[in-house]
Amino acid sequence: MPEIPTQLPREITLVEIRFNSSLAILDMIQPITNKVCDQLGFDEDSQYWIWLATQEALNNAIKHGNKFDPNKKVLFGLQVDGGEFRIIIQDEGEGFVVDEVPDPTRKENLLKTSGRGIFYMRSFMDRVEYNTDKGTKVTLVKRHQDES
Amino acid sequence: MPEIPTQLPREITLVEIRFNSSLAILDMIQPITNKVCDQLGFDEDSQYWIWLATQEALNNAIKHGNKFDPNKKVLFGLQVDGGEFRIIIQDEGEGFVVDEVPDPTRKENLLKTSGRGIFYMRSFMDRVEYNTDKGTKVTLVKRHQDES
Amino acid sequence: MKIFHRTSEDVTLLDIEGQITIGDGDVMLREALHALIAGGQKKILLNMARVTYMDSSGVGELIAGLQYVQEHGGQFKLLNISKKIKNLLFIAQILSIFEYFNDESVAIASFS
Amino acid sequence: MKIFHRTSEDVTLLDIEGQITIGDGDVMLREALHALIAGGQKKILLNMARVTYMDSSGVGELIAGLQYVQEHGGQFKLLNISKKIKNLLFIAQILSIFEYFNDESVAIASFS
Ligand SMILES: Nc1ncnc2c1ncn2[C@@H]1O[C@H](COP(=O)(O)OP(=O)(O)O)[C@@H](O)[C@H]1O
Ligand SMILES: Nc1ncnc2c1ncn2[C@@H]1O[C@H](COP(=O)(O)OP(=O)(O)O)[C@@H](O)[C@H]1O
């Protein structure tokens with residue numbers, strides 16, 4: 001039997017889910033995310049925006065990262081560490097250059113019908129970190145009251 | 001960034017969840033299990049009994065295995081392989097000798113108020129495998145129609 | 001789980017609503033039975049019409065309840081157990097230790 | 001998502017119910033608008049009172065819908081957008097490209 005691996009740091013990871021690329025999983029991840037948000041004392045509005053950011057990141061992982069390939073996995077993790085609530089979404093895609101993503105609020109982009117996902121993540125979270133060394137790993141960070 | 005590990009064989013694992021020992025997680029795992037059961041064509045009754053077996057195994061992992069220690073994790077996995085639906089529940093406890101668990105249907109045990117969890121798992125699943133080399137790993141197996 | 005109390009003649013009816021599982025309902029049921037016995041109620045009918053789910057802990061609580069009430073000279077019977085709960089008790093070979101009814105008035109009349 | 005059609009004078013009202021997200025509602029909304037334009041309807045009012053949730057794909061569909069209707073010489077307006085949806089459009093700096101109303105009769109009267 002293999003050791004339980006420490007893919008995500010186990011002390012601070014509340015729940016870790018690995019699933020096949022499918023949008024259907026979003027319905028299952030939402031109640032888990034909301035429950036943890038609840039426990040951390042986020043009010044309903046905050047929960048709404050945190051889930052919106054999370055959903056955008058999950059969509060990108062499934063669509064742009066794994067390109068809907070059902071054999072590719074998405075790793076989803078919820079961490080609580082030093083007053084920070086962190087949501088981790090990692091895909092097995094080819095990565096991309098975040099700095100090259102056009103700013104959707106520039107005049108020439110305002111009427112584009114896509115390209116606002118990362119912008120919304122940044123708007124609603126305190127911090128958004130991208131690591132594209134291997135696949136794409138997004139870390140959505142929100143500070144919370146409960147300093148546990 | 002670490003490699004995505006292959007704790008459970010990735011080709012056949014639909015979803016893998018690692019969570020802190022807490023009964024609260026059951027509410028979140030139930031819809032996921034039911035959804036997969038649905039997709040595999042199990043009817044409502046089968047789903048009910050599969051969840052009952054799953055819940056008994058999760059309870060044992062959290063209670064007897066990890067002894068409610070919130071720092072210990074439970075690994076939960078759903079696999080589909082060769083016409084078999086497999087539910088894996090692994091804890092970080094000290095393990096136990098399955099063969100020494102008393103048979104609850106023996107006369108002297110009939111009025112005991114506990115000791116029926118494993119019995120129910122065996123009653124409702126086609127096969128129940130225990131591996132206690134490291135923690136306890138239960139594999140609940142049910143054959144399904146959909147040979148995907 | 002929720003428990004609602006009713007009385008009919010000298011029988012106490014407990015209407016159970018929700019699930020009886022580990023951590024949800026098991027302790028509540030036990031406490032309710034202990035309180036009734038402490039209060040001198042000896043005829044107890046558990047209405048399980050609205051029990052949506054029960055696991056092995058719930059089964060254990062039913063057995064514990066039966067034994068506790070009997071040890072204190074009371075009677076403990078079940079009303080409206082679903083097919084699934086009946087099945088749970090049956091395969092564990094303990095259905096026969098319970099008296100169970102599908103008709104409330106028949107159940108109440110059965111208490112001596 | 002569900003879309004219900006109504007007409008009031010020469011305005012077509014689309015009552016949207018549910019969420020407008022990637023894979024749920026985005027394509028449906030597009031198809032509904034294309035069908036209306038194909039059928040010669042040029043005054044379209046989207047009632048979003050019962051939209052529970054919308055993400056960036058939904059925002060994209062609103063923009064696409066507006067452009068599509070305008071390109072075909074029609075008018076596309078919004079009714080009853082929630083505070084949260086208004087916020088989504090506002091921070092993306094595109095709230096101002098939409099005409100939006102909180103009163104149905106005022107909205108309908110606004111179509112020329
Ligand atoms: N996980 C990812 N893997 C690969 N490319 C990505 C990923 N996430 C985002 N991108 C790239 O960044 C672009 C902008 O993403 P986003 O702001 O979410 O808008 P949209 O998804 O509507 O295009 C995407 O079009 C895609 O090219
Ligand atoms: N995951 C586990 N880790 C350690 N011991 C276990 C585990 N699962 C079951 N056991 C042991 O097996 C016994 C029987 O379990 P079970 O049949 O589920 O009934 P119950 O949980 O009511 O005792 C338990 O009391 C416990 O001693």
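Sequence lines set the chain letters: A, B, ... in the order given, protein chains first and strands last, and positions in each chain run from 1.
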Among [options], which residue has the highest count of heavy-atom pairs closer than 4.5 Å to chain A?
options	result
D:I63, D:T21, D:L62	D:I63
D:S56, D:G60, D:S57	D:S56
D:I97, D:I94, D:L88, D:I91	D:L88

More than 12 heavy atoms of other groups within 6.0 Å of [X] [atom1]:
X	atom1	value
A:F96	CZ	yes
A:E108	CD	yes
A:E94	CD	no

Validation row: A:Y120, D:V59 side chains within 4.5 angstrom (heavy atoms): yes

Compile the donor-acceptor pairs under 3.5 Å between side chains in residues 97-104 of chain A and protein atoms, sequence neighbours left out, one pair per line.
from, atom 1, to, atom 2, distance (Å)
A:D103, OD1, A:T105, N, 2.8
A:D103, OD1, A:T105, OG1, 2.8
A:D103, OD2, A:T105, OG1, 3.3

D:Q93 vs A:L110, side-chain contact (heavy atoms from CB on, under 4.5 Å): CA-CA, chis, key distance, verdict: CA-CA 7 Å; D:Q93 301 179 21; A:L110 281 179; 4.0 Å; yes

Atom group of A:K63 that falls short of 4.5 Å from chain D, counting heavy atoms: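 Side chain of A:K63 only, per the 4.5 Å heavy-atom cut-off to chain D.
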
Atom pair CG/CD1 of A:L26 and D:I22 - distance to nearest 0.5 Å: 9.0 Å

Nearest-0.5 Å distance that lies between atom CG in A:D45 and atom NZ in D:K83: 7.0 Å

Close contacts, residues 48-61 of chain A versus chain D, judged by heavy atoms under 4.5 Å: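 Under the 4.5 Å heavy-atom cut-off, A:Y48, A:W49, A:W51, A:L52, A:Q55, A:E56, A:N59 qualify.
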
Flag, side chain of D:Q67 to backbone of A:L111, donor-acceptor distance under 3.5 Å: yes

Under 4.5 Å from a heavy atom of chain A, the part of D:L66 involved: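 No part of D:L66 comes within 4.5 Å of chain A.
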
D:N87 vs A:F124, side-chain contact (heavy atoms from CB on, under 4.5 Å): CA-CA, chis, key distance, verdict: CA-CA 11 Å; D:N87 187 34; A:F124 298 126; 4.0 Å; yes

